[in-house]
Amino acid sequence: MEAYDGDMYRGWAEYVVYGGLPLTVTMKMEEQKISYLTNLFKETYLKNIIERHHIEKTQELEDLVNILASAIGSLTNPPKIEATFKSTIQSTISLNTIRRYIEHLKDAFIINKANRYNVKGRKYIGTPLKYYFEDVGLRNARLGFRQVEETHLMENIIYNELRSRGYTVDVGVVEKRGTDENGKEYKNQL
């Protein structure tokens, strides 16, 4: 395996776009990386899930992957995703199917989830939660290398790094109480 030969800033810029799969580091041309990641996602990951789980409505699975890829760093849950399917895609995919497809994606090491935790109340909150991609290069390939927002991708990368170091990573919730300019009390979640 070749070592990375660029400086750390170039390395970070490439990692944010192409992720950390070992073969991408050895590729010199952008076109090679894009083609490799795009084909790997479609021909290996998705094809395996479809065949293994006998999925007939493959477009719904692909749409779900696109929704999850677009939502990294955002709080979501299966009911919200179901609403997106109905309003945006005009699909009647069921909540159970969405949950099952998400489990298939997790089992295939495409995504993982971070549960929500109320720091003050010291308890887990069922939903919403966040989904992260196991490799940001695969996520970016799925979206055609559009939506490369460094802050969301950095959050995804930090989540993956902490997990690789053995940490359990949750999404924290802290409530902030105060009064507005009219003296009315409010409560926000940060």
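- For the atom pair NZ of K47 and CZ of F41, the computed distance is 15.0 Å after rounding to the nearest 0.5 Å.
- If you chain together hydrophobic residues whose side chains sit under 4.5 Å apart, L23 and I110 fall into the same group.
- Shown here for Y131 and P78, the closest heavy-atom pair between the two residues is OH-CD, 4.0 Å.
- In this model, a donor atom of one side chain and an acceptor atom of the other lie less than 3.5 Å apart for D63 and Q59.
- Looking only at side-chain heavy atoms (C-beta outward), E155 and I72 stay at 4.5 Å or farther from each other.
- One distance of note links CD of E56 with CG of L61; it measures 13.0 Å at 0.5 Å rounding.
- With no hydrogens or angles considered, a side-chain donor-acceptor pair links Q147 and S70 at under 3.5 Å.
- At distances below 3.5 Å, not a single donor-acceptor pair connects side-chain atoms of S35 with backbone N or O atoms of E31.
- In this structure, the separation between CZ on R10 and CE on M8 is 14.5 Å, given to the nearest 0.5 Å.
- Checked for salt-bridge contact, K33 and E14 meet the test: a charged N lies under 4.0 Å from a carboxylate O.
- For the side-chain hydrogen bond (donor to acceptor under 3.5 Å, both in side chains) test, no residue two or more places apart in sequence or in another chain qualifies with K113.
- More than 12 heavy atoms of other shown residues, nucleotides or ligands fall within 6.0 angstrom of atom CD in E43.
- When ring centroids are compared, Y18 and F145 come within the 6.0 Å threshold.
- Shown here for V16 and V136, the closest heavy-atom pair between the two residues is O-CG2, 3.8 Å.
- The nearest pair of heavy atoms linking N160 to F133 is ND2-O, 3.0 Å.
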Please test R163 against Y159 for side-chain contact (heavy atoms from CB on, under 4.5 Å), starting from the C-alpha separation and ending with a verdict. CA-CA 6 Å; R163 285 191 53 250; Y159 170 83; 3.1 Å; yes
Report the C-alpha separation of E62 and K42 in whole Å, then their side-chain angles, then the decisive distance to 0.1 Å, and conclude whether the salt bridge (Lys or Arg N to Asp or Glu O under 4.0 Å) test is met. CA-CA 9 Å; E62 295 201 30; K42 185 173 184 164; 5.4 Å; no
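- Annotation: side chain of L105 is in contact with side chain of L64 (closest heavy-atom distance under 4.5 Å).
- Transitive grouping of hydrophobic side chains (ILVMFWY, heavy atoms separated by less than 4.5 Å) keeps F85 and L143 in distinct clusters.
- Here S164 contributes atom OG and E134 contributes atom CD; the two are 10.5 Å apart, rounded to the nearest 0.5 Å.
- The NZ atom of K80 sits 13.5 Å away from atom CD1 of I67, with the distance rounded to the nearest 0.5 Å.
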Does the side-chain contact (heavy atoms from CB on, under 4.5 Å) test come out yes or no for E60 and S91, once each step is laid out? CA-CA 8 Å; E60 289 178 339; S91 171; 3.3 Å; yes
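- The shortest heavy-atom contact between L95 and P79 is CD1-N, 3.5 Å.
- Counting all heavy atoms, side chain and backbone alike, R139 lies closest to R146 at NH1-O, 4.1 Å.
- Shown here are the salt bridge (Lys or Arg N to Asp or Glu O under 4.0 Å) partners of E150, two or more places apart in sequence or in another chain: there are none.
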Could you walk me through whether L37 and N140 pass the side-chain contact (heavy atoms from CB on, under 4.5 Å) test, one step at a time? CA-CA 9 Å; L37 290 168; N140 293 336; over 6 Å; no
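- Considering CG of D107 and CD1 of I102, their distance stands at 12.0 Å, rounded to 0.5 Å.
- The closest side-chain heavy-atom distance from T84 to I89 is not below 4.5 Å.
- Screening residues 88-103 for salt bridge (charged side-chain N to carboxylate O under 4.0 Å, His left out) gives E103-K106 as the qualifying pairs, with residues at least two apart or on separate chains.
- A single hydrophobic cluster is not seen to contain both L40 and M29; linkage of ILVMFWY side chains at heavy-atom distances under 4.5 Å, directly or through other members, places them apart.
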List the steps and the verdict of side-chain hydrogen bond (donor to acceptor under 3.5 Å, both in side chains) for T97 and S94. CA-CA 5 Å; T97 300; S94 74; 2.8 Å; yes
side-chain contact (heavy atoms from CB on, under 4.5 Å) between Y132 and I111, intermediate numbers included: CA-CA 5 Å; Y132 295 104; I111 62 166; over 6 Å; no
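- Closest non-hydrogen pair, I55 versus H104, comes out as CD1-CD2, 4.0 Å.
- Between L138 and L21 the shortest side-chain heavy-atom distance falls below 4.5 Å.
- Both L162 and L129 are members of a single hydrophobic cluster when ILVMFWY side chains are connected at heavy-atom separations under 4.5 Å.
- Residues D170 and R116 form no side-chain contact, since every pair of their non-hydrogen atoms from C-beta on lies 4.5 Å or further apart.
- The closest side-chain heavy-atom distance from L68 to I81 is below 4.5 Å.
- When side chains are defined from C-beta on, Y101 does not count as touching I49, because their heavy atoms never get closer than 4.5 Å.
- For the pair E161 and I158, the minimum side-chain heavy-atom distance is 4.5 Å or more.
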